[in-house]
Structure formats: structure tokens, C-alpha cells
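One structure below.
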Amino acid sequence: MGGLAAAAALRRVGVDVTVYEQALQFSRLGAGIQIGCNAMKVLRGLGLESRLREQSFYPRSWNNKDWRTGEVKFDMIFGEAAEQKFGAPYLLAHRGDLHAALASTVAGEYIKLNHRLVGLDETNDGVRLAFANGAIAVADAVVGADGVHSVVRDMLFGPSPVTFTGRIAYRTTYPAALLGGQKIDDCTKWWGEDRHIVIYYVKPDRSEIQPEPDFTIESWSAKGDVKELRSAFEGFDRQVEKVLAACPDVHKWAIVDRDSLARWVDRNVTLLGDACHPMTPYMAQGAAMAIEDAAVLSRCLEGVDRDGVANAFRRFEASRKHRTARVQQTSRANTWLKEKTDTDWVYAYDAWTAPLAA
């Protein structure tokens with residue numbers, strides 16, 4: 001997400017960009033994703049708002065309820081009221097649809113698939129990149145947007161430990177028709193004592209649903225056991241039990257965390273998104289922070305020649321570090337929206353106009 005958003009934003013200001021991706025092809029992978037108002041402002045600037053509105057669900061609210069009684073703890077109103085207040089909609093989408101939208105902004109000839117990075121050297125002629133397929137490329141600057149297990153980060157600053165949070169995320173999407181006509185709320189998080197579940201639609205016609213449970217167990221299996229999952233949420237609100245009863249299968253993976261880096265930049269190489277400020281998923285802001293990074297990075301690089309890249313990258317880091325650290329710490333606490341919450345500082349932010357560091 002971050003790499004494609006950065007490519008789109010940089011091309012918007014006239015920077016020649018090539019995206020190197022290790023996958024053999026793009027496909028509709030993953031499950032649901034929440035696109036906050038702050039991220040939507042960036043995506044609007046990239047010309048994607050209409051497409052995403054057509055493909056995504058427009059929720060009335062993000063409703064937070066007690067796991068057993070269904071009592072409302074805090075109902076964060078979205079819809080038209082939030083759009084007016086924050087300047088952009090809050091949308092629920094399939095991750096693959098957002099990825100495809102971002103990919104559509106970068107012409108195919110600028111995306112090099114099957115390019116897994118194995119070497120990076122900063123030379124007098126530029127940054128030299130070596131790939132597992134034998135290809136070599138030299139660039140004036142490099143943006144490492146390669147996630148929580150970033151190879152670029154390790155090459156720049158050495159390996160750093162990943163912290164297993166002790167939690168496993170179960171995620172899936174499935175046709176809402178499997179509910180047999182039963183209705184569910186637009187977007188609800190049920191808070192349990194040691195586990196929670198978020199359920200929402202990802203299509204505008206309510207045809208696809210995402211249950212996203214999370215609870216404390218230790219397992220590294222790629223495929224989840226749906227019977228185990230149902231058992232773990234026994235006794236939760238009846239709506240949760242109905243959604244899980246209809247769920248055909250699930251995938252699961254460990255939620256890992258890292259401390260944010262002391263610095264993101266080494267001369268003409270910078271990190272972006274989870275590569276430098278990884279997020280737990282509890283605020284639904286991980287992709288949003290990478291998308292915001294992309295817009296701010298493009299503003300810092302606009303009109304800059306090769307000799308000015310290092311300074312532009314340092315300005316980017318200084319402009320983003322406080323905000324991403326605050327979101328990272330807030331997400332890690334896993335209390336976002338559990339009670340009445342001030343959300344303005346997250347959703348009102350506009351990466352196209354936010355002040356840049358001196």
C-alpha cells in the first residue's frame with residue numbers, strides 16, 4: 001500500500017518512479033480494511049475517491065459494544081456527519097480493492113514484479129540495487145516501503161527484533177448471503193475481557209462481510225480452525241455467534257510489533273510506513289499512516305534535485321515522526337474507541353496541507 005501510494009504521489013509532482021515488487025503478480029489478497037477520513041484525503045488527491053466510493057461500504061458508525069450484553073460503550077458516528085466534520089468519508093473496503101486502486105495510478109511499465117531485493121549500496125553514481133533474479137538498478141533515491149519485516153531497514157540499520165504481542169488475528173471475508181438474510185450492524189467492535197471481534201461489510205451493497213476476531217493464544221498456523229474460533233467466542237452477543245456460525249473458513253497470523261526507529265533515513269535512502277513505524281491493527285491506521293507518509297514525502301521532494309534528496313528525506317522524517325509515534329503508541333494500548341474518545345487529531349489530519357518541518 002505504502003509503496004504504491006508513494007509512487008502515485010511522487011509521479012503527481014513529476015518525480016520519475018519505478019516500483020520493485022518481490023511478488024510474481026498482484027492479486028486480490030487479504031480481507032477487510034478500514035479507510036479513515038485522513039487516508040481518504042490523500043486518496044482523493046490521487047484521483048481515487050470515486051472508484052473507492054463505488055467499491056466500498058459507507059458505514060453509519062463504528063459502534064463499540066460490550067461482548068456479552070451488547071451494551072453500547074461508544075458509538076463513533078461516521079457517515080455524512082463525519083464527512084462534513086473531517087472533510088472526507090470513512091469507508092470500509094476489501095484490502096485487495098484498495099491495493100488495485102492504488103496500482104491503477106502507476107502505469108504497468110513502472111512496476112517491476114519478481115524483484116526481491118538482496119543488495120543495496122550507496123555509491124557516488126547513486127543507490128545501487130541488486131535483486132535475486134540477477135537484475136541491477138541504480139537510482140538517485142530509494143524509498144523502502146517493505147513492511148514490518150523490512151529488508152531495506154535491516155540493510156541500513158542492522159536487524160532488529162520483532163516482538164510477538166501474544167495475540168493472534170483471525171481474518172476472513174465471505175459472501176453476506178451465507179447469513180441467510182440475517183442483518184448485522186454496519187461496523188461493530190465487541191470488547192471482551194481478553195479478546196475482541198470487529199465485524200463489518202466491505203461492499204456497498206452489503207454483499208461481502210468481514211469478521212476480524214483477535215484474542216490471546218499462541219499459535220503460528222497460517223490456517224485457522226473455524227470450530228476453535230466459534231468456541232473461543234461462545235457467549236458473545238448473538239450477532240457475533242450468527243456471523244461466526246456462517247463463516248466458512250479463516251486465516252490467522254501472529255500480531256507482531258516493533259519499536260519505532262530512532263531514524264528512518266540514511267543519505268538518499270528512506271523508509272516509509274511499517275518499515276519504520278509499524279502499527280498494531282487496533283486503530284485501523286497502519287495503512288493510513290503509510291498513505292499519509294506518501295503524500296508528505298511527495299511534498300518534501302517536489303522540485304528537489306539529486307543533491308537535495310538527503311535533506312528532503314530528513315525533512316520528511318521530521319515532519320512525520322511525532323504523529324506516527326503518537327498513533328503507534330495509541331494503537332498499542334488497544335483502547336481506541338472503547339469509551340468516548342477524541343478522534344479529531346486522527347481523522348481531521350490532512351497530509352496535503354499539514355505543516356512541514358523547517
Side-chain angles (χ1 to χ4, degrees), residues 1-19 33-53 56 83 86-91 93 95 98-107 110-111 141-147 260 264-265 269-279 283-304 308-309 311-328 344-358:
M1 300 292 187
L4 289 170
L10 290 169
R11 287 181 56 78
R12 182 175 177 264
V13 296
V15 177
D16 185 21
V17 176
T18 301
V19 176
I33 189 167
Q34 302 186 42
I35 310 174
C37 311
N38 48 315
M40 276 304 303
K41 290 170 200 168
V42 177
L43 298 168
R44 174 185 290 155
L46 301 180
L48 295 175
E49 183 174 7
S50 295
R51 174 173 175 159
L52 290 171
R53 281 185 185 268
S56 308
E83 187 168 349
F86 299 126
Y90 194 102
L91 300 178
R95 184 174 292 269
L98 175 56
H99 185 273
L102 286 166
S104 74
T105 65
V106 185
Y110 301 112
I111 299 176
V142 169
V143 178
D146 50 345
S260 56
W264 305 351
V265 175
V269 182
T270 187
L271 302 173
L272 177 149
D274 276 354
C276 50
H277 50 71
M279 303 282 166
M283 284 178 72
Q285 281 289 315
M289 288 301 104
I291 290 168
E292 285 183 4
D293 281 353
V296 173
L297 179 64
S298 72
R299 293 170 61 199
C300 292
L301 281 175
E302 185 171 10
V304 171
V309 166
N311 283 334
F313 279 174
R314 284 193 291 270
R315 189 184 192 196
F316 160 67
E317 178 186 318
S319 298
R320 291 293 294 158
K321 211 162 193 183
H322 175 75
R323 176 168 171 80
T324 58
R326 185 180 179 187
V327 174
Q328 186 183 45
D344 291 13
W345 68 273
V346 175
Y347 300 131
Y349 181 90
D350 188 341
W352 296 119
T353 60
L356 298 177

Query raised in the report: CD/Gln34 to CG/Leu91 distance, rounded to the nearest 0.5 angstrom?
Result: 10.5 Å

Query - Check against side-chain contact (heavy atoms from CB on, under 4.5 Å), His99 and Leu4 - result: CA-CA 8 Å; His99 185 273; Leu4 289 170; 3.5 Å; yes

Requested in this report: Answer whether the closest heavy-atom distance between the side chains of Leu98 and Leu48 falls below 4.5 Å.
Outcome: no

Query raised in the report: For the residue pair Asp293 and Gly273, what are the closest heavy atoms and their distance?
Result: OD2-N, 2.9 Å

Requested in this report: Measure from the side-chain N and O atoms of Ser319 to the backbone N and O of Ala357, and report whether any donor-acceptor pair falls under 3.5 Å.
Outcome: yes

Requested in this report: Look only at the side chain of Asn38 and the backbone of Tyr349, and say whether a donor-acceptor pair between them is shorter than 3.5 Å.
Outcome: no

Query raised in the report: Are any non-hydrogen side-chain atoms of Val42 and Trp352 less than 4.5 angstrom apart?
Result: yes

Query - Parallel, tilted or perpendicular: rings of Trp264 and His277 (30°, 60°) - result: tilted

Report task. In plain terms, say whether Asp350 and Lys41 are close enough for a salt bridge, that is, a side-chain N and a carboxylate O under 4.0 Å apart. Result -> no

Requested in this report: Check the pair Val17 / Val106 against side-chain contact (heavy atoms from CB on, under 4.5 Å), numbers first and verdict last.
Outcome: CA-CA 9 Å; Val17 176; Val106 185; over 6 Å; no

Requested in this report: Please answer whether the main-chain N or O of Met289 pairs with a side-chain N or O of Arg320 as donor and acceptor at a distance below 3.5 Å.
Outcome: yes

Requested in this report: Could you tell me whether a side-chain N or O of Gln328 sits under 3.5 Å from a main-chain N or O of Pro278, the two making a donor and an acceptor?
Outcome: yes

Query raised in the report: Say you draw a straight line from OG of Ser56 to OH of Tyr90; how long is it, rounded to the nearest 0.5 Å?
Result: 12.0 Å

Query raised in the report: In Å, rounded to the nearest 0.5 Å, how long is the span from CG of Leu52 to CD1 of Ile35?
Result: 5.0 Å

Report summary line: Distance col, row Leu272:CG vs Ile291:CD1, nearest 0.5 angstrom, shows 10.5 Å

Query raised in the report: Is there a donor-acceptor pair closer than 3.5 Å between any side-chain N or O of Arg299 and the backbone N or O of Ala354?
Result: yes

Query raised in the report: If you take all heavy atoms of Phe86 and Asp344, which pair is closest and at what distance?
Result: CE2-OD1, 3.6 Å

Report task. Taking all non-hydrogen atoms of both residues into account, name the closest pair between Val309 and Val304 and its distance. Result -> N-CG1, 3.7 Å

Report task. Could you tell me whether the side chain of Thr324 and the main chain of Lys321 form a donor-acceptor pair under 3.5 Å? Result -> yes

Report summary line: Heavy-atom nearest pair, Cys300 first then Leu356, reads SG-CD2, 4.2 Å

Report task. Mind listing the closest non-hydrogen atom pair of Asp274 and Met279 along with its distance? Result -> OD1-N, 3.3 Å

Query raised in the report: What is the minimum heavy-atom distance between Ala88 and Met40, and which atoms define it?
Result: CB-CB, 3.9 Å

**Report entry** Donor-acceptor contact below 3.5 Å, side chain Glu302 vs main chain Val13
**Finding:** no

Query raised in the report: What distance separates Leu301 CG from Asn311 CG, expressed to the nearest 0.5 Å?
Result: 11.0 Å

Query raised in the report: So, Arg323 side chain and Trp345 main chain: donor-acceptor pair closer than 3.5 Å or not?
Result: yes

Report task. Compare all side-chain heavy atoms of Glu49 with those of Arg53 and state whether any distance is below 4.5 angstrom. Result -> yes

